[in-house]
Amino acid sequence: MDASNSPASTHVACPHCAALNRIPSARLGQDPSCGRCGQPLLDGHPVSLTDANFEQVVSRTELPVVVDLWAPWCGPCRSMAPAYEQAAQQLKGRALLVKVDTDANPRTAARFAVRSIPTLLKLQQGREVARVSGAMPAGEIVRWAGM
């Protein structure tokens, strides 16, 4: 999308307090923080979501949301974690990257019928638009996310 077609602002739901924030498009890559709680919204690091706040955050965020469904006991999940962190840096301001521990948050895993981990989902306003399973390096995550 070129600058003439981009919206003047983008809504991002805070993963910490659930407040809906309107961020000027020009500031998306400048570490915006929540207007209510002051926590970072798009600081280039993945945020953890739970069954309790997942839907509220992903359905109200206008940026693409990339979800890493993982578990602490999963070797491939742990080996992909640094790559996911690097991808979050590369996608800063263009996507919200989140992590969901499937052991602690089984409803979210069940909602998407996750059968293997790690599984990455790309969501647009809460709707799944792409899925891939297996560990990937950062560059592949960014390419897969389509950014």
Side-chain angles (χ1 to χ4, degrees), residues 1-72 74 76-112 114 117-132 135-147:
M1 175 183 305
D2 64 40
S4 64
N5 292 334
S6 64
S9 64
T10 300
H11 288 104
V12 176
C14 178
H16 309 285
C17 73
L20 189 59
N21 293 267
R22 187 178 68 211
I23 303 168
S25 295
R27 291 203 55 240
L28 287 171
Q30 300 175 358
D31 298 337
S33 57
C34 178
R36 180 187 295 162
C37 72
Q39 293 289 321
L41 294 171
L42 301 169
D43 65 352
H45 297 284
V47 295
S48 293
L49 296 182
T50 65
D51 284 343
N53 68 356
F54 182 85
E55 182 62 29
Q56 192 167 34
V57 171
V58 302
S59 67
R60 296 172 42 203
T61 295
E62 293 176 340
L63 290 174
V65 178
V66 178
V67 183
D68 175 16
L69 294 146
W70 70 285
C74 169
C77 298
R78 289 193 320 269
S79 71
M80 189 177 80
Y84 196 68
E85 183 80 28
Q86 290 170 2
Q89 284 290 319
Q90 293 177 37
L91 293 170
K92 179 180 174 180
R94 298 184 289 156
L96 176 63
L97 273 72
V98 303
K99 294 180 74 68
V100 176
D101 176 347
T102 58
D103 284 351
N105 302 284
R107 285 191 328 225
T108 300
R111 170 186 170 186
F112 293 102
V114 174
I117 53 175
T119 290
L120 296 180
L121 305 174
K122 182 177 175 184
L123 307 177
Q124 283 291 154
Q125 295 185 311
R127 291 185 321 268
E128 181 180 342
V129 295
R131 173 187 299 233
V132 66
M136 299 188 302
E140 279 188 43
I141 294 169
V142 172
R143 276 190 297 281
W144 173 82
M147 305 290 155

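Bear in mind that the values here come from a model prediction, so they are computed numbers and not experimental data.
Residue pairs meeting the salt bridge (Lys or Arg N to Asp or Glu O under 4.0 Å) criterion with at least one member in residues 26-35, sequence neighbours excluded: Asp31-Lys92.
No donor-acceptor pair closer than 3.5 Å links the side chain of Asn105 to the backbone N or O of Val100. Judged purely by atom type and a 3.5 angstrom limit, Tyr84 uses its side chain to pair as donor or acceptor with the backbone of Val98. Side-chain atoms of Gln89 come within 3.5 Å of backbone N or O of Gly44 as a donor-acceptor pair. In terms of modelled atom types and a separation under 3.5 Å, the side chain of Lys122 and the main chain of Val129 share no donor-acceptor contact.
For the atom pair CG (Leu63) and NE2 (His11), the distance works out to 11.5 Å, reported to the nearest 0.5 Å. Considering CD of Glu85 and CD1 of Ile141, their distance stands at 11.0 Å, rounded to 0.5 Å. We find the CZ-CG distance between Arg94 and Leu28 to be 11.5 Å, quoted to the nearest 0.5 Å. For the atom pair CG (Asn21) and OG (Ser33), the distance works out to 8.0 Å, reported to the nearest 0.5 Å. The structure places CG of Leu121 at 5.0 Å from CD of Glu128, a figure rounded to the nearest 0.5 Å. Summarising the geometry, atom OG1 belonging to Thr61 is positioned 7.5 Å from atom CG belonging to Leu20; distances are rounded to the nearest 0.5 Å.
Minimum heavy-atom separation, Ala52 to Arg107: N-NH2, 4.0 Å. What you find for Gln90 and Ala138 is that their closest heavy atoms are NE2-CB, 4.1 Å. Of all non-hydrogen atoms in Ile117 and Ala71, the two that sit nearest each other are CD1-CB, 3.4 Å. Considering all non-hydrogen atoms of both residues, Arg78 and Pro72 come closest at NH1-O, 3.1 Å. Nearest approach of Cys74 to Pro118, heavy atoms of both residues: SG-CD, 4.1 Å.
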request  = Assess whether side chain to side chain contact (heavy atoms under 4.5 Å, CB included) is satisfied between Leu91 and Val142, documenting all intermediate values.
outcome  = CA-CA 7 Å; Leu91 293 170; Val142 172; 3.9 Å; yes
query = Could you walk me through whether Met80 and Leu120 pass the side chain to side chain contact (heavy atoms under 4.5 Å, CB included) check?
reply = CA-CA 11 Å; Met80 189 177 80; Leu120 296 180; 3.9 Å; yes
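For the side chain to side chain contact (heavy atoms under 4.5 Å, CB included) with Thr108, the qualifying choice from Thr102, Leu49, Asp101, Asp51 is Asp51, the only one to do so.
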Could you go through residues 53-60 and list every donor-acceptor pair under 3.5 Å that involves a side-chain atom there, pairing it with any protein atom two or more places apart or in another chain?
| unit_1 | atom_1 | unit_2 | atom_2 | d |
| --- | --- | --- | --- | --- |
| Asn53 | OD1 | Thr50 | N | 2.7 |
| Asn53 | OD1 | Thr50 | OG1 | 3.2 |
| Asn53 | ND2 | Pro15 | O | 3.0 |
| Glu55 | OE1 | Arg111 | NH1 | 2.3 |
| Glu55 | OE1 | Arg111 | NH2 | 3.2 |
| Ser59 | OG | Glu55 | O | 2.6 |
| Arg60 | NH1 | Ala18 | O | 3.2 |
| Arg60 | NH2 | Ala18 | O | 3.2 |

Would you mind writing out the side-chain donor-acceptor pairs for residues 35-43 within the sub-3.5 Å range, not counting sequence neighbours?
| unit_1 | atom_1 | unit_2 | atom_2 | d |
| --- | --- | --- | --- | --- |
| Arg36 | NH1 | Cys17 | O | 3.3 |
| Asp43 | OD1 | His45 | N | 3.2 |

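For the pair Lys99 and Trp70, the cation-pi test (distance below 6.0 Å, angle within 45°) is passed.
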